[in-house]
> 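I am attaching a structure below and will ask some questions about it afterwards.
Worth saying up front: this structure is predicted, and the values here are computed from it rather than measured.
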Amino acid sequence: MPQEAFVRWSKTLIPTMKEVPADAEIPSHQLMLRAGLIRQLMAGSYSYLPLGWRALRKAEAIVREEIEAAGGIEIHMPALQPIDLFERTGRREAFGNVLFQWEQRRGGGRVQFALGPTHEEVVTDLVAKHISSYRQLPINLFQIQTKFRNEERPRFGVLRTSEFLMKDAYSFHATVESLNETYKAMYRAYCRIFARCGVEYLPVEAESGPIGGDASHEFMCPANNGEDRIVHCRKTGYAANLERADTGRVQPSLETSADAKPITKLHTPNVGSIEAVCKFLKCKPPRMIKTLIYSADDKAVAVLIRGDHEANEGKIRRALGVTKLEMATPEVILQVTGAPVGFAGPVGIKCPIIADHDIPLIFNAITGANEGDHHLTNVNVGRDYVLEKTFDLRNAAAGDPSPKGEGTLELVHGIEIGHVFKLGTKYSVSLEAYFSDEKEQRHPIIMGCYGIGVNRIIAALAETKNDENGLIWPLSVAPYEVVVIPLQEEATVVDAAESIYTQLQEAGVDVLLDDRAQRAGVKFKDADLIGFPLRVVIGGKGLQEGLIELKWRTAIEPIKVPVAEAMATIMKQLADRRAEEAASVPS
RNA sequence: CGGGAUGUAGCUCAGCUUGGCUAGAGCGCCUGGUUUGGGACCAGGAAGUCGCAGGUUCGAAUCCUGUCAUCCCGACCA
């Protein structure tokens with residue numbers, strides 16, 4: 001961070017709040033507001049005040065350093081983009097309402113604009129125009145820039161906003177091997193970035209699109225208020241987005257159990273949902289077979305899922321080998337089941353059936369009777385319905401075996417702070433970014449893309465690193481590393497504080513002087529709330545004994561040092577703490 | 001977009017059920033004084049078209065209708 005004019009509390013804008021604003025619910029939002037880091041303009045739009053902006057810029061600087069070390073070349077592309085580019089990649093429709101777009105008069109005509117939600121189109125177009133030979137590849141271009149997304153529902157303070165700072169990098173390659181190499185380098189850079197910022201992170205396997213395999217990883221910060229759900233196995237280290245996670249189960253026996261009770265039809269008037277049936281029959285959802293009717297490439301198919309599980313449409317699509325999958329209409333359901341919605345079951349249904357691995361394990365199951373207002377009980381595999389094999393068709397759940405063969409999965413919430421993705425040639429083909437190889441053969445350029453939500457690094461830190469007194473910053477991204485607090489307004493105290501403050505400033509330490517005419521309690525409370533890593537207190541009493549006081553935000557007790565040794569001690573402690581933080585950064 | 005809640009001073013909120021004089025409190029802010037190592041005290045003061053519009057009424061922060069905004073749950077989220 002560049003050296004800047006001395007900053008005194010009284011000359012900057014740090015509007016701390018004693019009370020919790022009514023609109024903020026989660027800790028990061030409340031604390032960032034109370035500590036005076038941000039202020040809301042409207043839903044999903046926040047101003048970054050001096051402290052918040054400083055933290056954000058420090059995180060940004062770390063991101064820039066590491067991406068450059070990984071071979072990234074910084075550019076800056078316009079947020080304002082022609083809608084035409086999104087038409088060409090089909091993403092105008094894919095983004096839908098998320099894309100900010102409008103039409104405006106210009107010259108004699110009308111132009112259609114969009115605000116960039118991300119820059120695959122713009123960067124691919126740029127590369128298409130200027131790269132034509134394998135000799136120019138690979139190249140890795142990145143920028144740190146404001147992105148715009150018309151989120152249907154911005155929420156959680158600064159965690160989900162319609163305008164945010166993103167580092168987006170795009171790599172271009174002649175070969176998949178080259179892509180894999182850059183992917184690995186960026187993956188490593190991401191680990192270093194999050195470690196340096198002091199934010200906990202967990203790389204998880206994510207939906208990978210057309211390339212498959214290990215083509216996509218999300219970097220999650222485990223947090224109770226995170227919007228994403230991930231499964232994690234402590235024993236094997238397996239971690240994946242819930243959408244994507246394998247469950248590690250195997251196909252069970254499809255034979256009818258010997259002591260199966262005879263099948264029985266029950267009258268269940270107006271009781272359609274799983275919940276309602278359970279209440280009516282006084283049973284638990286794991287004994288129910290949920291029969292979901294889908295239209296798969298326009299053909300009806302029944303998907304059997306245990307009552308307490310969630311169907312995973314991606315897995316169903318893959319098991320069926322279809323591209324189009326949607327819930328069937330009530331008409332189709334009536335046709336294949338002979339009953340209104342809510343009473344479907346596998347027994348006697350007039351369409352193909354596929355079942356999740358857990359279905360045959362339900363002994364004496366309860367399911368719809370394919371007849372209005374009726375359910376069947378004691379339904380058993382083999383005797384009452386036949387399956388050739390079973391599939392993994394549902395979201396993983398806590399307690400499932402890890403796909404790595406040992407250990408069990410647990411479910412945790414996470415804040416997505418980064419995403420690396422092997423794109424392949426989707427954008428290069430649609431935007432005609434081709435290169436010629438050494439034999440003059442033309443190929444679409446192979447791409448990777450890599451995003452980091454810089455605001456989310458700060459928000460994730462605020463969300464996960466705090467205590468009842470306020471925020472707790474690591475040195476690396478703290479708005480200021482040190483706050484110097486003179487407790488009285490007597491000249492001796494003020495002079496001593498000014499002296500330390502000036503020396504720290506000259507030594508390159510990021511320091512703020514709390515020169516307000518406030519009582520000690522107010523200054524201490526604010527310092528804790530904001531979470532400056534180190535607090536230097538100069539008070540009349542201590543000064544009489546020739547002592548000043550150092551207190552780390554994370555420490556319980558302060559350290560008292562003679563004035564003459566203060567600078568040396570502070571510098572030493574800062575160096576130690578920096579080394580400590582650096583030790584957690586992977587090489 | 002469906003469901004729920006809330007809009008009164010910079011912040012937190014009371015007042016609204018049962019309409020009635022000049023709309024209140026605490027914190028913050030300004031002035032003066034006393035204080036001074038963990039969100040001080042006393043005295044005085046500034047600050048609000050009660051979200052907005054319409055309606056009912058002699059009279060509306062309060063009742064009715066509409067509208068806007070914000071928050072929460074859900075749907076959505078390259």
> For A/D246, is there an ion pair with A/K315 - N to carboxylate O distance below 4.0 angstrom?
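The answer is no: the pair does not qualify as a salt bridge.
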
> Less than 4.0 angstrom from a charged side-chain N to a carboxylate O is my criterion; do A/R92 and A/E87 meet it?
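Between A/E87 and A/R92 there is a salt bridge, with a charged N closer than 4.0 Å to a carboxylate O.
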
> Quick one: A/Q518 CD to B/U36 P, roughly how many Å, whole number?
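Result: 16 Å.
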
> Between A/E121 and A/R88, is the closest basic N to carboxylate O distance under 4.0 Å?
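A/E121 and A/R88: not salt-bridged.
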
> For A/F148 and B/A78, give me the distance from atom CZ to atom C1', rounded to whole Å.
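Distance, rounded to whole Å: 17 Å.
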
> For B/U65, give its Watson-Crick or G-U wobble partner with both distances under 3.5 Å, or none.
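Pairing partner, where one exists within any strand: B/A53.
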
> Need the pair for B/A40. Rule: Watson-Crick or G-U wobble, both distances under 3.5 Å, any strand; none if unpaired.
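WC or wobble partner is B/U34.
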
> Just N and O in the side chain of A/R153: are any of them under 4.0 Å from OP1 or OP2 of B/C73?
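Yes.
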
> Would you state whether a donor and an acceptor, one from the side chain of A/R149 and one from the base of B/A78, lie under 3.5 Å apart?
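Indeed there is one.
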
> Find the distance A/K18:NZ to B/C29:P and express it as a whole number of Å.
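Taking atom P of B/C29 as the reference, NZ of A/K18 is at 9 Å.
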
> Rounded to whole angstrom units, what separation is found between the CZ atom of A/R155 and the P atom of B/U70?
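Checked: the CZ to P distance equals 15 Å.
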
> Quick one: A/E416 CD to B/A78 C1', roughly how many Å, whole number?
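Going from CD in A/E416 over to C1' in B/A78 covers 11 Å.
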
> Provide, to the nearest angstrom, the distance between the NZ atom belonging to A/K422 and the C1' atom belonging to B/A78.
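After rounding, the reported distance stands at 19 Å.
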
> Would you verify whether the NZ or CZ of A/R54 falls within 45 degrees of the ring axis of A/Y480 while also being under 6.0 Å from that six-membered ring's centre?
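Positive - A/R54 is close enough to the ring of A/Y480 and near enough to its axis.
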
> Across all strands, who's sitting opposite B/U18 as a Watson-Crick or G-U wobble pair, both distances under 3.5 Å?
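Partner of B/U18: none found under 3.5 Å.
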
> If I take atom CD in residue A/Q488 and atom P in nucleotide B/U35, what distance separates them, rounded to the nearest angstrom?
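From A/Q488 CD to B/U35 P: 15 Å.
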
> Kindly point out which of B/G39, B/C72, B/G37 is positioned nearest to the side chain of A/F524?
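Nearest to the side-chain atoms of A/F524, counting from C-beta on, is B/G37.
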
> For B/G10, which nucleotide in any strand shown is its Watson-Crick or wobble partner with both distances under 3.5 Å?
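B/C27 - that is the nucleotide pairing with B/G10, both distances being under 3.5 Å.
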
> Check every atom of B/G39, B/A78, B/C71 against the side chain of A/D23 and return the nucleotide holding the closest atom.
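The closest nucleotide is B/C71.
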
> With respect to the side chain of A/K551, which nucleotide from B/G38, B/A78, B/C72 is positioned closest?
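So the side chain of A/K551 is nearest to B/G38.
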
> Quick check: any donor-acceptor pair below 3.5 Å linking the side-chain of A/R519 to the base of B/G37?
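No, the side chain and the base share no sub-3.5 Å donor-acceptor pair.
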
> What nucleotide, of B/C13, B/G37, B/A78, holds the atom closest to the side chain of A/A22?
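Of the options given, the side chain of A/A22 lies nearest B/C13.
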
> Applying the Watson-Crick and G-U wobble criteria at under 3.5 Å, what pairs with B/G2? Answer none if nothing qualifies.
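Matched B/G2 with B/C73 under the 3.5 Å cut-off.
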
> Regarding A/K551 and A/E557, does a basic nitrogen lie under 4.0 Å from an acidic carboxylate oxygen?
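No salt bridge links A/K551 with A/E557.
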
> If you check every side-chain atom of A/K525, which of B/A75, B/G39, B/U12 has the closest atom?
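Given the options B/A75, B/G39, B/U12, the side chain of A/K525 is closest to B/G39.
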
> Using a 4.0 Å heavy-atom cut-off, does A/R92 contact any base of the nucleic acid, only the sugar-phosphate backbone, or nothing at all?
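If one applies the 4.0 Å heavy-atom cut-off, A/R92 turns out to touch nothing in the nucleic acid.
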
> How would you label the contact of A/G542 with the nucleic acid (heavy atoms, under 4.0 Å): base, sugar-phosphate, or nothing?
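It contacts base atoms.
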
> Does the ring center of A/Y187 lie less than 6.0 Å from the ring center of A/Y450?
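No: the rings miss the under 6.0 Å criterion.
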
> A cation-pi test, strictly: NZ or CZ of A/R39 under 6.0 Å from the centre of the six-membered ring of A/Y46 and no more than 45 degrees from its axis. Yes or no?
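No, A/R39 does not lie over the aromatic ring of A/Y46.
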
> For nucleotides B/U70 and B/C52, find the distance between their C1' atoms and express it as a whole number of Å.
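These two C1' atoms come out 15 Å apart once rounded.
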
> In whole angstroms, how far is the C1' atom of B/G26 from the CE atom of A/M17?
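Distance, rounded to whole Å: 16 Å.
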
> NA contact type, A/E549, heavy-atom cut-off 4.0 Å: base, sugar-phosphate, or nothing?
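The answer is base, as A/E549 lies within the cut-off (heavy atoms under 4.0 Å) of a base atom.
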
> Would you say the side chain of A/E19 and the base of B/G10 hold a donor-acceptor pair, judged only by whether the two atoms sit under 3.5 Å apart?
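No, the side chain and the base share no sub-3.5 Å donor-acceptor pair.
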
> Whether the side chain of A/R535 and the base of B/G38 hold a donor-acceptor pair under 3.5 Å is what I'd like checked.
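Check passes, donor-acceptor contact within cut-off.
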
